[in-house]
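Everything on this sheet refers to the single structure shown next.
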Amino acid sequence: MQTVWESTELEYAFLFTLRKVNSINPEGFKPFFHNLPVDPYIKGNYRLRRLSRFTVSGNELIKLPHGYLFQSKTYNPLLGDVKREFAELEDSMIELDIFKKMVLAFSDSSKLHPEAEIGVHQIRTICSAENMGNPAPEGIHQDGTDFIGIFSVARENIQGGETHLYTAKKEKPVFSKVLHPGELLLVNDHEFFHFTTPIKPQIDGLGIRDVFVLTSPSLLTE
């Protein structure tokens, strides 16, 4: 079921929206997902991750100093109250025009304040016949931020990985969809819980799901 709600209000009004960003060819991001470090905070070595934070000045991105990801247990019962550190995004990827277009699409669509911090999480989830991959090991959750963007880069040899939005944890999802490469889902984190179902291979071999998750505020602290 796919439902996109619209609002007549402007600032901070949208609930969620899905759009295809035609100006971005996700193929350009793929080489940078081959060199992601394993997320050391998740058991199983099935998730790989980098993280950086930015602000937007006009049509330019300003990269901010290295920081630590921190969420309270209220929002992340699995890794809340843990100060997590990840490698920065690669400079050569940040310099890509498609990267700037992706961050600006998130900033513009969310109508962010010019000084708002944006966290950009580069995440690969892998699976095999022996091990399913879990894009959301914390379960149905909120991130404790204002806005979330999920930009799909690649789905290779997988089934599952369907993104759900809920108005409450125990309610049925109001949105359920596999995000295909080039699609950007924008979510008001105050209004919805989100979850992505586990992935498994369609045929023998490795399966991957590559995404960028953008948040504002960034949830990073120095």
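For this chain, numbers begin at 1 and follow the sequence in order.
A cation-pi contact links Lys83 to Tyr68, judged by a cut-off of 6.0 Å to the six-membered ring centre and 45° from its axis. For the pair Arg49 and Phe86, the cation-pi criterion (under 6.0 Å, within 45° of the ring axis) is fulfilled.
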### Task
With side chain to side chain contact (heavy atoms under 4.5 Å, CB included) as the test, would you mind laying out the steps for Val120 and Phe212 before giving the verdict?
CA-CA 7 Å; Val120 182; Phe212 289 102; 3.9 Å; yes
### Message
Pair Ile118, Thr215 - check side chain to side chain contact (heavy atoms under 4.5 Å, CB included), show working.
### Response
CA-CA 6 Å; Ile118 300 170; Thr215 64; over 6 Å; no
### Message
Using the rule given for side chain to side chain contact (heavy atoms under 4.5 Å, CB included), can you reason through Val56 versus Leu112, listing the C-alpha separation, both sets of side-chain angles and the distance that settles it, and then say yes or no?
### Response
CA-CA 9 Å; Val56 173; Leu112 297 183; over 6 Å; no
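Tested against Thr17, the residues Leu184, Asn188, Val187, Leu186 include a single side chain to side chain contact (heavy atoms under 4.5 Å, CB included) partner, Leu186. Among the candidates Thr197, Val178, Leu185, the single residue satisfying the side chain to side chain contact (heavy atoms under 4.5 Å, CB included) test with Thr163 is Leu185. Partner Arg47 forms a side-chain hydrogen bond (donor to acceptor under 3.5 Å, both in side chains) with one of Asp39, Thr125, Asn134 and no other, that one being Asp39.
Glu95 and Lys100 are not joined by a salt bridge, as no carboxylate oxygen comes within less than 4.0 angstrom of a charged side-chain nitrogen. Taking the charged nitrogens against the carboxylate oxygens, Lys30 and Glu156 do have a contact shorter than 4.0 Å, which makes a salt bridge. A salt bridge between Lys20 and Glu183 is absent, with no side-chain N of the basic residue lying under 4.0 Å from a carboxylate O of the acidic one.
Aromatic pair Phe54/Phe99: centroids less than 6.0 angstrom apart. His194 has its ring centre less than 6.0 Å from the ring centre of His141. Taking the centre of each ring, Phe16 and Phe175 come in below the 6.0 Å mark.
Taking Lys101 as the reference, Asp97 meet the salt bridge (charged side-chain N to carboxylate O under 4.0 Å, His left out) condition, with sequence neighbours excluded. With sequence neighbours left out, Arg155 forms a salt bridge (charged side-chain N to carboxylate O under 4.0 Å, His left out) with no residue at all.
The closest side-chain donor-acceptor pair between Glu85 and His66 falls under 3.5 angstrom.
Between His164 and Pro173, the shortest heavy-atom distance links the atoms CB-CB, 4.0 Å.
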